Amino acid sequence: KGSSGEYTADVLQRDGPKVFTKGTHNYIDHPTAQEEAQRPEGTVTKLASVLTEDAKLFDDYKGAGPGLYAPAKVNDGFAAFLDTFGTDIGVSIRARGKIDKNGVVESITSAKSVDYVTRAGAGGRVLDLMESWTPTIKGDKMADTPVVKVEVDTKTLDETIARFNARFTQA
């Protein structure tokens, strides 16, 4: 059950993989109404990840319950944030569909994004957080060595995003 209506397994099975497809963007926060009006296509400064496969319906995924699930490629600029806060935030869809008079979702016809939010209407959440990986050289071959980022300096992240945004608004 989401904030817009109740989703049946049939609708999620039928429509989910068609609308939550590989390449669907995942932003930090849903845009406000003003942001949506000014920039309906979204902004690269909030692009946190992208789905790497079409969503699939599972009765239960690693104990997280039934729902649509899809892996995502995470933007390095947001990896530490998601590693740190992933279990404390949720994911929420921006999609269109049809809802009957009883509040049951009859169809999901399109999706704009699946976004990271403070509270998810239907209990969407981040699972299987990936550690940040850095390449190292062993002999003449590259090898991956995991590096777990434990601390996030949100002030630095906010300042970096502000500087990035300023470059585009001054043009």
Side-chain angles (χ1 to χ4, degrees), residues 1-8 11-12 15-55 64-65 67-130 132 149 151-171:
K1 183 166 173 58
S3 57
S4 299
E6 189 168 333
Y7 299 88
T8 65
V11 167
L12 294 175
D15 299 341
K18 292 182 205 173
V19 298
F20 302 108
T21 57
K22 177 180 179 178
T24 299
H25 287 181
N26 316 127
Y27 295 98
I28 295 292
D29 294 322
H30 284 322
T32 64
Q34 182 180 9
E35 290 169 331
E36 179 74 20
Q38 290 176 340
R39 189 176 286 172
E41 71 279 3
T43 173
V44 296
T45 61
K46 289 184 168 189
L47 181 59
S49 61
V50 177
L51 297 186
T52 58
E53 295 177 17
D54 297 349
L68 289 171
Y69 294 88
K73 173 178 61 176
V74 178
N75 172 340
D76 287 341
F78 291 106
F81 172 80
L82 293 173
D83 279 344
T84 301
F85 294 105
T87 57
D88 300 314
I89 61 176
V91 292
S92 179
I93 64 172
R94 285 196 313 144
R96 290 183 181 257
K98 295 180 183 175
I99 301 172
D100 72 14
K101 63 182 177 173
N102 297 315
V104 176
V105 177
E106 294 178 336
S107 64
I108 308 169
T109 56
S110 65
K112 278 195 157 189
S113 61
V114 179
D115 302 333
Y116 298 100
V117 297
T118 55
R119 299 274 188 272
R125 54 188 169 157
V126 179
L127 298 173
D128 295 340
L129 292 175
M130 294 177 283
S132 299
K149 295 184 178 177
E151 192 173 305
V152 175
D153 179 359
T154 58
K155 180 180 178 203
T156 301
L157 179 61
D158 290 341
E159 289 170 353
T160 302
I161 291 170
R163 281 194 310 275
F164 186 84
N165 284 336
R167 284 191 283 172
F168 291 101
T169 58
Q170 293 174 357

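Computed from a prediction, not measured in an experiment: that's the story for all the values here. The first residue of the sequence shown is numbered 1, and numbering continues consecutively from there.
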**OP:** Kindly indicate, with the supporting measurements, whether the criterion side-chain contact (heavy atoms from CB on, under 4.5 Å) is fulfilled by D100 and E106.
**Re:** CA-CA 6 Å; D100 72 14; E106 294 178 336; 3.2 Å; yes
Original post:
Are I108 and V11 close enough, and set up right, to give a side-chain contact (heavy atoms from CB on, under 4.5 Å), and what steps lead you there?
Top reply: CA-CA 7 Å; I108 308 169; V11 167; 4.0 Å; yes
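Under the 4.0 Å criterion applied to side-chain N and carboxylate O atoms, E41 and K112 are not assigned as salt-bridge partners.
N75 contributes a side-chain N or O that, together with a main-chain N or O of G77, makes up a donor-acceptor pair within less than 3.5 Å. Checking side-chain atoms of T109 against main-chain N and O of R96 turns up a donor-acceptor pair under 3.5 Å. Between the side chain of N26 and the backbone N or O of D115 there is no donor-acceptor pair closer than 3.5 Å. A donor-acceptor contact shorter than 3.5 Å is absent between the side chain of T24 and the backbone of F20.
Once rounded to the nearest 0.5 Å, the distance linking CG of L51 with OH of Y69 reads 14.0 Å. Taking CD1 of I89 as the start and CG of L82 as the end, the distance is 5.5 Å to the nearest 0.5 Å.
The two residues K18 and T21 make their nearest non-hydrogen contact at O-CG2, 3.2 Å. In terms of heavy atoms, L68 sits closest to L12 at CD2-O, 3.6 Å.
For the pair H30/S92, a side-chain contact is recorded, criterion being any heavy-atom separation below 4.5 Å from C-beta on. Between I99 and Y7 there is no side-chain heavy-atom pair separated by less than 4.5 Å.
Applying the salt bridge (charged side-chain N to carboxylate O under 4.0 Å, His left out) rule to E35 yields the partners K46; only residues at least two apart in sequence or on another chain are considered. Remark: D15 pairs with no residue by the salt bridge (charged side-chain N to carboxylate O under 4.0 Å, His left out) rule, at least two apart or across chains.
The aromatic rings of Y27 and H25 sit perpendicular, their planes meeting at an angle over 60°, well past the 30° parallel limit.
A side-chain donor-acceptor contact under 3.5 Å links Y116 and S49.
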